[in-house]
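Here the structure is laid out as structure tokens; the discussion comes afterwards.
A, B, ... follow the sequence lines: proteins, then strands. Residue 1 opens every chain.
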Amino acid sequence: MENKDLNTKEENTWCPGCPDFSILESTKRALVELVNENKIEIKNTAIVTGIGCHAKIFDYLELNSFSGLHGRVLPIALGMKIGNPKLTVIGFGGDGDTYSEGMEHFIHNCRYNSDMTMIVNNNQVFALTVGQPTPTSEKGPLKPLNPIALALTAGASFVARGSALDIEHLKNLIKEAILHKGFSFIDILQPCIVFHNTVPYFQKNIYKLDPIRDLTNSKEAMERAEEWDYCFDRDQKIPIGIFYKKERPVFEEQLPHNTWYTQKRKTDWQDLTKDFH
Amino acid sequence: MENKDLNTKEENTWCPGCPDFSILESTKRALVELVNENKIEIKNTAIVTGIGCHAKIFDYLELNSFSGLHGRVLPIALGMKIGNPKLTVIGFGGDGDTYSEGMEHFIHNCRYNSDMTMIVNNNQVFALTVGQPTPTSEKGPLKPLNPIALALTAGASFVARGSALDIEHLKNLIKEAILHKGFSFIDILQPCIVFHNTVPYFQKNIYKLDPIRDLTNSKEAMERAEEWDYCFDRDQKIPIGIFYKKERPVFEEQLPHNTWYTQKRKTDWQDLTKDFH
Amino acid sequence: MDGYLKIRGIEQKSSHGTSVLVGGLFYFQIIIFCDILEDIMEKTILIGGKAGQGTAVTSHLIAKIFCHLGYYVFNYRDYPSLITGGHNFNVISISDKPISSHKDKFDIILALDQKTIDLHKKNLNKGGIIFDGKGLKPIFGNNVLIGKLFKYFGVDKSPIFKAFEEEFKEKAEMAKTAIEEGYNSIEIKEKLVKNGKEKYLLSGNEGLSLGAIAAGMDIYIAYPMTPATSILSFLAKRQLEQNILVLQLENEIAVVDAAIGASFVGAKTMVGTSGGGFALMTESLSLAGMVELPLVIFLGQRTAPSTGVATYTGQGDLKFALNPGQGEFPRVVVAPGDAKEAIIRTQESFYLSSKYLAPIIILGDKHLSESSYSFDNIAKSSISNSRFILDKIPLNYKSYQITKTGVSPRLVPGQGPVVRANSYEHTDFGNTTENAEWIIKMNDKRQRKQESIAKETKKLNPVSIYGKGRNLIIGWGSTKGAIIDALPKLKNFRFLQISYLMPFPKEEVLKEIKKSLPAGRQAKKIILVENNSTGLLGDVIAEQTGFIIKNKILRYDARPFTAEYLINEIHGK
Amino acid sequence: MDGYLKIRGIEQKSSHGTSVLVGGLFYFQIIIFCDILEDIMEKTILIGGKAGQGTAVTSHLIAKIFCHLGYYVFNYRDYPSLITGGHNFNVISISDKPISSHKDKFDIILALDQKTIDLHKKNLNKGGIIFDGKGLKPIFGNNVLIGKLFKYFGVDKSPIFKAFEEEFKEKAEMAKTAIEEGYNSIEIKEKLVKNGKEKYLLSGNEGLSLGAIAAGMDIYIAYPMTPATSILSFLAKRQLEQNILVLQLENEIAVVDAAIGASFVGAKTMVGTSGGGFALMTESLSLAGMVELPLVIFLGQRTAPSTGVATYTGQGDLKFALNPGQGEFPRVVVAPGDAKEAIIRTQESFYLSSKYLAPIIILGDKHLSESSYSFDNIAKSSISNSRFILDKIPLNYKSYQITKTGVSPRLVPGQGPVVRANSYEHTDFGNTTENAEWIIKMNDKRQRKQESIAKETKKLNPVSIYGKGRNLIIGWGSTKGAIIDALPKLKNFRFLQISYLMPFPKEEVLKEIKKSLPAGRQAKKIILVENNSTGLLGDVIAEQTGFIIKNKILRYDARPFTAEYLINEIHGK
Ligand SMILES: Cc1ncc(C[n+]2csc(CCOP(=O)(O)OP(=O)(O)O)c2C)c(N)n1
Ligand SMILES: Cc1ncc(C[n+]2csc(CCOP(=O)(O)OP(=O)(O)O)c2C)c(N)n1
Ligand code: SF4
Ligand code: SF4
Ligand SMILES: [Mg+2]
Ligand SMILES: [Mg+2]
């Protein structure tokens with residue numbers, strides 16, 4: 001399989017130069033490599049998007065895909081996973097989407113630990129609605145929320161930060177996230193070059209976490225998470241890479257059920273109704 | 001002012017012996033003491049409740065009060081505070097209410113830091129709908145969420161845990177919470193004696209945090225928060241008291257406005273519309 | 001049945017106190033006797049007590065035993081929103097003829113506390129009896145009362161014991177002692193004889209659950225909310241046995257969106273809630289309409305607006321259920337009238353939803369959900385259980401292929417071709433578009449689907465007519481029971497029950513209305529019966545047919561209709 | 001105006017190319033000449049380019065300058081949901097007579113890119129001109145085109161410069177160079193003379209915002225959503241100046257609940273959203289109805305269902321807006337038809353909401369929100385701004401006191417007495433109840449409020465009638481502009497605009513319908529005009545009056561009506 005097999009004929013309407021293009025590219029590369037490594041099957045892969053600039057990826061990937069609602073990527077993705085646990089499910093959300101409108105789903109899905117991947121194109125702005133602040137914006141009177149720290153506290157089993165300015169690094173993160181068994185979360189630093197252009201700051205301050213340190217150390221993960229507060233008023237080092245990774249029981253495997261998603265069900269009506277007689 | 005001045009004539013429909021009675025008592029004592037200490041005015045005090053057993057406090061307090069929706073205590077309370085910042089606003093939620101249905105408001109209000117108090121009667125069960133698990137339940141396949149840790153991560157400026165089994169201690173917490181300038185959060189351990197009776201475990205394992213240590217140490221606060229994981233499978237020490245307390249700018253004071261809530265507004269129509277001419 | 005009422009009239013001449021066991025006896029027997037003359041036996045038993053005292057379970061056991069004896073039973077449950085204390089009661093009406101509602105007056109009161117006596121004595125029929133259980137040990141006392149009750153009716157202990165064994169398995173033994181105690185404490189006062197075949201006893205929520213299982217449902221997702229909650233617990237208990245998945249998620253938004261996600265990949269999914277939770281689902285209803293995926297939603301109404309009277313009934317959400325979510329998209333609203341219809345309508349809902357790829361709302365209420373109905377049998381519908389997913393993979397698959405019926409052939413992710421669901425307006429391949437022609441095409445396609453559904457529901461008995469007579473009662477949903485029970489006592493009335501409210505069975509309804517329009521000198525009545533305060537179905541009928549119904553019997557005190565209530569009202573009109 | 005069309009007919013005989021500047025001129029002048037003969041001057045200018053090229057700002061400046069010159073202007077904006085690239089355009093129709101819609105055909109195209117020419121050339125009137133700005137520097141180029149345009153019309157530079165100074169203050173200088181460049185590059189082709197008083201230019205969202213400020217709004221809360229977003233930014237800019245609070249919260253649920261909380265303590269509050277966000281608010285709408293607090297909601301419709309066509313228009317939410325939230329409670333739905341009406345209706349909404357303690361939905365759409373309308377003046381309504389909160393504290397205050405009008409005298413927390421808001425059914429003191437009598441009383445009280453509101457809206461011009469003629473067009477909301485502009489060109493038609501959709505002005509509507517019912521041999525037409533695919537207002541009229549309208553002109557390609565479109569459709573009927 002090649003990258004171009006994932007192309008569609010749809011006209012791309014991101015701003016020229018938008019780092020969302022890089023995220024698209026990293027995603028394609030990650031999927032293609034995983035397919036070629038026989039780790040996933042493309043026909044069993046499906047994505048879910050929110051609403052916002054980020055969500056336009058829906059039209060640019062030749063994949064099973066669900067363009068859902070603003071803020072609701074995660075419950076739709078969860079439904080797809082429980083509906084057919086054989087699928088590789090990947091969600092794409094915006095920061096407005098995931099941390100503002102649908103914050104409850106973010107916290108709860110970190111807890112559920114369903115085996116899927118959540119990718120947030122975090123440009124620290126509502127871009128498609130032309131530039132209002134989001135919960136991760138440094139603008140406005142409030143301190144930004146730190147989604148890495150929140151994910152760790154809420155129990156996510158794979159927590160990473162990527163940069164849309166580093167396609168290969170991001171590709172590797174996406175691969176690892178998909179391969180991780182459990183809820184994998186990647187917050188991607190994605191400068192919006194129109195409304196929130198943070199490219200220079202990121203170029204100056206981003207550094208890569210050592211990928212072969214002990215990834216199961218939640219204390220250290222939290223310390224790393226707090227190195228950057230999502231503000232730009234002073235230079236702070238911004239770690240990218242995996243903060244935390246530790247398997248724990250997966251949601252769909254803990255549910256008391258059988259193979260509802262494959263089996264033809266035959267109900268014995270007599271038996272079913274005997275209690276009511 | 002005396003406790004009984006806060007009584008209503010409504011029939012109390014909590015189960016006999018429910019620790020919600022103690023929370024009611026602590027609340028009354030706290031309010032009465034604050035009034036008598038000239039720290040609050042009762043006519044400027046207003047409560048908001050969710051829906052659930054906890055919410056019945058609405059009918060048992062002779063106070064300005066809003067019985068709202070399941071999960072929506074916090075936005076209603078926030079609205080009241082910005083609508084009239086002179087008010088002392090106290091929210092009462094359940095764990096189902098606050099951590100399940102309306103989790104996004106919990107996270108965001110920790111961040112907003114409006115000067116109000118949020119009290120959660122956390123009985124680790126949906127009681128009024130007869131006993132389903134909530135996000136803080138140890139039942140079911142999932143690990144409970146730790147609301148203390150979440151509040152800390154989300155930026156709450158006053159984070160405490162109370163016990164419904166210790167009326168005086170709880171009273172003091174409520175007083176401190178109300179007096180704290182900013183968003184004050186108390187998670188109250190409230191055994192539901194019908195669906196989730198944890199009285200013996202709490203009696204055995206609860207201990208009190210030293211109230212005069214450095215309350216601004218967020219690292220220590222987080223460590224304390226993690227002492228108990230909201231499970232009951234083994235004995236763990238459960239700290240109650242204030243985990244963290246540190247003032248930071250308050251929401252309503254950072255908003256770019258004047259005194260909209262008192263002033264009679266006079267619009268100069270000519271001036272207002274001149275831009276459109 | 002006027003005779004029946006007359007007998008009650010005779011009764012009222014008695015000066016005997018109501019709570020006197022022996023004194024009441026004589027008159028009671030007269031009633032029985034007269035009822036037999038009329039070839040009908042009816043008894044109503046109220047059992048009341050504090051929440052936590054087990055009125056629900058006890059009433060269920062009593063109802064069950066009567067069903068075993070072959071009697072028809074209706075069991076109404078009335079309880080406030082609290083866990084321990086307060087006042088709960090059940091009203092069990094039994095009869096040797098089909099009965100589908102409870103009565104306002106009681107022949108026997110089983111009182112677990114004094115409050116039961118204080119509150120309900122006034123509704124004891126003259127000659128009625130109170131069995132006072134207060135002071136007895138909890139639960140044990142309930143069983144003592146059961147013993148008394150059945151001894152009174154001359155019923156053998158064996159069917160009682162059998163019911164307990166079925167319900168409690170090994171744990172039934174202790175109950176037996178209590179039953180014996182009650183049994184031995186009084187004398188047989190009359191002899192109820194076995195009344196034919198055993199009956200099925202089923203609540204509305206059980207009917208909905210059975211229907212869902214029969215329809216091949218894979219996943220049920222919910223957030224607890226009265227009166228839908230018991231579906232969640234019923235199904236959860238049968239997860240393994242029925243190989244279904246039952247989930248509670250963080251809130252109703254997560255519930256409905258997960259259901260739509262699961263539906264996208266092929267699972268048959270249902271969610272259940274009440275008005276407040278349904279409101280939170282409306283954005284996603286519009287989503288389901290746009291992406292064209294199956295979704296079955298049970299909306300159990302309760303007394304609204306807002307939190308309202310959380311454990312009581314009402315029919316105030318009809319127009320909300322018909323118009324939820326932004327924009328125009330195909331949808332179905334079906335309102336079963338009793339537990340048996342709940343089975344069938346739920347199966348139909350899955351069928352329609354799967355075949356036409358549209359959201360379906362099953363509109364019930366607390367009265368349907370939590371009342372128990374009895375039936376001779378509870379056959380399921382033979383409607384297809386197909387998922388309507390293609391087996392053969394077509395070339396050049398288009399998720400939103402334009403077709404005559406409006407229905408696009410369906411694949412799901414995993415079958416091979418790319419499958420898309422798009423909340424934006426889209427091309428047939430499912431890609432986002434702002435193109436005017438595609439917008440029109442897709443709108444027309446969805447509109448055609450609504451028409452295709454209408455053709456199909458026409459065949460699914462969208463309306464039912466009961467009784468004969470020139471006058472017409474029109475109703476929907478759970479009022480069915482009381483209206484049907486009232487019919488024999490009303491002169492010249494028939495009842496039009498509208499089950500499918502969307503697509504609306506315009507012609508069928510208009511036909512009945514026309515039959516009852518005043519013609520010449522003959523006065524005819526058309527009366528709307530609804531459990532709400534403005535007559536919402538009346539609005540819908542006007543919208544759909546242009547016919548405005550002026551004559552309305554509306555009950556909105558959070559309580560369901562009874563036959564007596566209706567008869568009084570109609571005689572007042 | 002048939003003459004006008006005829007002239008266009010003559011024009012079409014020309015074989016001149018459309019993009020030739022000089023060649024087109026002659027015919028253009030003929031048109032002007034003929035228009036003058038008819039005592040009317042109309043021009044339509046399209047300006048198109050990529051998102052980010054500033055078509056919106058440029059079109060606004062052009063519109064503004066024409067307003068300064070005393071012309072009437074309508075500015076329609078068409079843009080896809082993207083930030084840079086794609087294709088945007090504005091259509092500015094100007095006239096010396098009031099105009100409230102844009103035209104399908106253009107006299108001048110200002111092209112910022114080639115796509116503009118490719119897409120729109122076909123709609124250039126014969127004799128029309130294209131000013132091609134592609135290749136010019138961004139923004140600079142736009143101003144060059146402005147210079148050309150006004151030179152072409154023989155307009156002095158001074159009003160142009162004035163408009164730029166007003167808009168850009170000191171920053172206007174650079175623009176002037178560009179304007180000069182354009183101005184100097186072509187010759188004057190005709191001479192537009194000043195047309196009386198300067199006009200006001202106002203978008204629907206600006207009208208809503210001004211109305212809210214005029215009504216004494218304290219707080220506006222929103223979560224961004226097209227087409228309501230620009231209210232948020234408009235008001236945010238005026239926070240300090242107007243002493244209002246403007247807030248964005250985490251989602252629409254937080255928005256509406258915070259608004260209700262603020263309302264509880266006395267603040268006048270408004271929220272704004274579109275269909276998806278509105279859906280999320282419906283649980284709280286039922287709450288507002290139950291707790292009886294003021295709440296003003298702007299629902300700006302866009303092409304639905306679901307995310308739909310996010311930056312385009314539609315009227316598909318009418319029945320959703322009329323029936324949101326569980327249960328029956330008083331509510332108001334008002335749909336302004338243009339920017340000026342938006343001011344008045346917003347003031348009325350605050351008035352009604354404050355006085356009758358009920359949620360009010362202002363139902364608009366993208367076309368109203370984002371189009372600019374011109375007016376001779378924009379007076380506000382003189383309706384009361386009172387908060388309707390008691391100054392004098394009554395003894396024994398009851399939050400839900402039962403009154404004849406249904407309205408309970410209002411206090412807010414802080415005044416002294418305990419004030420309660422209860423989402424459960426309640427007593428007059430606001431305490432929770434399950435008592436049947438209280439339930440009925442409170443239902444009746446709320447119902448009476450709906451009636452009191454109806455009496456009041458009767459006085460607020462719930463409907464308007466434009467034009468004369470036996471045939472009737474019925475419409476609501478933003479279709480008003482195109483219908484009014486079409487009227488002079490239709491024979492024997494009048495237009496009934498329904499502004500208050502709830503409480504529905506039954507009598508007023510029925511009166512007009514009856515006037516246009518076919519009588520004797522005289523054929524009359526009643527035509528429904530809506531920007532949706534099923535004719536939702538038709539349903540509402542049927543529901544309320546029993547009259548079913550068969551003749552419908554429905555546009556649902558996400559685009560608004562134009563007068564030409566309507567005329568064509570009507571002549572086709
Ligand atoms: C329920 C709802 N509310 C609001 C919107 C409007 N809306 C569309 S995109 C968007 C912001 C997107 O911001 P983000 O998620 O950060 O994505 P970005 O555009 O920055 O990639 C909003 C608020 C919507 N579509 N649905
Ligand atoms: C939107 C909505 N969903 C569901 C409910 C039903 N409901 C009422 S109380 C309750 C559970 C309450 O649990 P919790 O908040 O923990 O309070 P507790 O009863 O345990 O004190 C639920 C789910 C509701 N009222 N509204
Ligand atoms: S607005 Fe920002 S996020 Fe959106 S496409 Fe343009 S650069 Fe990218
Ligand atoms: S059910 Fe539990 S929480 Fe509710 S009143 Fe009873 S003991 Fe208290
Ligand atoms: Mg963003
Ligand atoms: Mg709880």
Side-chain angles (χ1 to χ4, degrees), chain A residues 8-10 13 41 43-46 48 51 55-56 58-59 61-84 86-87 89 102 104-105 107-109 111-112 252 255-261 263-267 269 271-273 275-277, chain C residues 67-68 166 198-202 206 210 213-214 216-219 221 238-240 242-247 249-251 253-267 269 283-284 287 291 378-380 385 412-424 426 430-432:
Chain A
T8 67
K9 296 191 201 99
E10 301 307 297
T13 61
E41 272 189 291
K43 73 167 190 169
N44 281 329
T45 303
V48 191
I51 302 296
K56 295 184 175 212
F58 170 89
D59 277 306
L61 280 175
E62 188 64 8
L63 269 183
N64 296 309
S65 46
F66 195 133
S67 158
L69 295 175
H70 183 61
R72 314 301 168 190
V73 170
L74 282 166
I76 295 175
L78 182 74
M80 283 162 60
K81 190 68 193 177
I82 59 167
N84 181 354
K86 282 184 309 182
L87 294 181
V89 177
E104 77 269 40
H105 311 306
I107 300 293
H108 284 284
N109 278 278
R111 174 174 183 244
Y112 295 151
E252 45 280 10
L255 301 170
H257 63 76
N258 213 321
T259 52
W260 74 90
Y261 52 94
Q263 180 204 278
K264 290 229 166 147
R265 191 172 294 103
K266 270 230 176 85
T267 316
W269 183 251
D271 189 60
L272 179 62
T273 56
D275 288 355
F276 303 94
H277 209 181
Chain C
C67 282
H68 286 169
E166 276 180 25
E198 290 193 13
K199 303 294 178 283
Y200 285 86
L201 183 70
L202 197 71
E206 287 163 347
L210 293 181
I213 295 172
M217 178 187 70
D218 300 298
I219 306 182
I221 318 182
R238 282 155 185 82
Q239 274 197 97
L240 279 173
Q242 296 299 330
N243 191 28
I244 50 177
L245 175 60
V246 180
L247 265 189
L249 291 177
E250 64 268 28
N251 58 25
I253 299 177
V255 163
V256 70
D257 289 336
I260 294 172
S263 181
F264 178 52
V265 301
T269 330
E283 189 194 11
S284 302
L287 171 69
V291 295
I378 47 169
K380 62 185 169 104
N385 255 2
V412 297
Q415 289 185 283
V418 164
V419 182
R420 286 186 186 271
N422 195 346
S423 76
Y424 279 106
H426 38 254
N431 291 111
T432 306

ask   = Of all of A/Gly71, A/Pro75, A/Gly102, which one pairs up most often with chain C through heavy atoms under 4.5 Å apart?
value = A/Pro75

note = Value for OG (A/Ser67) from CG (C/Asn431), rounded to nearest 0.5 Å, stands at 10.5 Å

remark   = Turns out that what part of C/Leu249 lies under 4.5 Å from chain A's heavy atoms comes down to both

query = So, the side chain of A/Asn64 versus the backbone of C/Val419: is there a donor-acceptor pair under 3.5 Å, distance only?
reply = yes

task = Check the angle between the aromatic planes of A/His277 and C/Tyr200 and answer parallel, tilted or perpendicular using the 30° and 60° thresholds.
result = parallel

ask   = Under the side chain to side chain contact (heavy atoms under 4.5 Å, CB included) criterion, do C/Gln239 and A/Leu255 qualify, and how do the steps go?
value = CA-CA 10 Å; C/Gln239 274 197 97; A/Leu255 301 170; 5.6 Å; no

inquiry  = So for C/Glu166, is it side chain, backbone, both, or neither that comes closer than 4.5 Å to the heavy atoms of chain A?
reply    = side chain

note = When rounded to the nearest 0.5 Å, the distance separating CD1 of C/Ile378 from CH2 of A/Trp269 is 5.5 Å

query = Considering only heavy atoms, which portion of A/Thr8 lies under 4.5 Å from any heavy atom of chain C: side chain, backbone, both, or neither?
reply = side chain

message = Could you measure the distance from the CZ atom of A/Arg72 to the CD atom of C/Glu283? Nearest 0.5 Å is fine.
response = 6.0 Å

query = Between C/Glu206 and chain A, which part of the residue has a heavy atom less than 4.5 Å away: side chain, backbone, both or neither?
reply = side chain

message = Could you go through C/Tyr424 and A/Asp59, starting from their C-alpha distance and side-chain angles, then the distance that decides it, and tell me whether this counts as side chain to side chain contact (heavy atoms under 4.5 Å, CB included)?
response = CA-CA 11 Å; C/Tyr424 279 106; A/Asp59 277 306; over 6 Å; no

ask   = Side-chain contact, heavy-atom cut-off 4.5 Å: C/Gln242 with A/Leu272?
value = yes

inquiry  = Assess the residue pair C/Ile221 and A/Ile82 against the criterion (side chain to side chain contact (heavy atoms under 4.5 Å, CB included)); give the C-alpha distance rounded to whole Å, side-chain angles, the decisive distance to 0.1 Å, and a yes or no.
reply    = CA-CA 11 Å; C/Ile221 318 182; A/Ile82 59 167; 4.2 Å; yes

ask   = Of the backbone (N, CA, C, O) and the side chain (C-beta and beyond), which part of C/His68 lies under 4.5 Å from a heavy atom of chain A, both, or neither?
value = side chain

ask   = Nearest heavy-atom pair of A/Gly83 and C/Ala267: which atoms, and what distance?
value = CA-CB, 4.2 Å

ask   = Can you say whether A/Leu63 sits under 4.5 Å from chain C via the side chain, the backbone, both, or neither, judging by heavy atoms?
value = backbone

task = Please confirm whether the backbone N or O of A/Phe58 pairs with a side-chain atom of C/Arg420, one donor and one acceptor, at under 3.5 Å?
result = yes

request  = Could you pull out the closest heavy-atom pair between C/Ser284 and A/Leu69, with the gap in Å?
outcome  = OG-CD1, 3.7 Å

request  = Let me know if C/Lys380 has heavy atoms under 4.5 Å from chain A in its side chain, its backbone, both or neither.
outcome  = both

ask   = Does the pair A/Phe66 and C/Ile260 meet the rule for a side chain to side chain contact (heavy atoms under 4.5 Å, CB included), with working shown?
value = CA-CA 10 Å; A/Phe66 195 133; C/Ile260 294 172; 3.6 Å; yes

note = Cut-off 4.5 Å, heavy atoms of chain A, and the answer for C/Asn385 is neither

message = Counting heavy-atom pairs under 4.5 Å with chain A, which one of C/Asp257, C/Ile213, C/Leu247, C/Leu201 comes out on top?
response = C/Asp257

key: Contact check, side chains of C/Phe264 and A/Val48, non-hydrogen atoms, under 4.5 Å   = no

task = List the atom of A/Ile51, the atom of C/Ser423, and the distance in Å for their closest heavy-atom pair.
result = CD1-OG, 3.7 Å

query = Most heavy-atom pairs under 4.5 angstrom with chain A, which of C/Val246, C/Val265, C/Val256?
reply = C/Val265

Nearest-0.5 Å distance that lies between atom NE2 in A/His108 and atom CG in C/Asn251 = 7.5 Å

message = Heavy-atom cut-off 4.5 Å, strictly under: side chain, backbone, both or neither for A/Glu10 against chain C?
response = side chain

query = Relative to chain C, which segment of A/Asp275 carries a heavy atom at a distance below 4.5 Å: side chain, backbone, both, or neither?
reply = both

ask   = C/Thr269 versus chain A, heavy atoms under 4.5 Å apart: side chain, backbone, both or neither?
value = neither

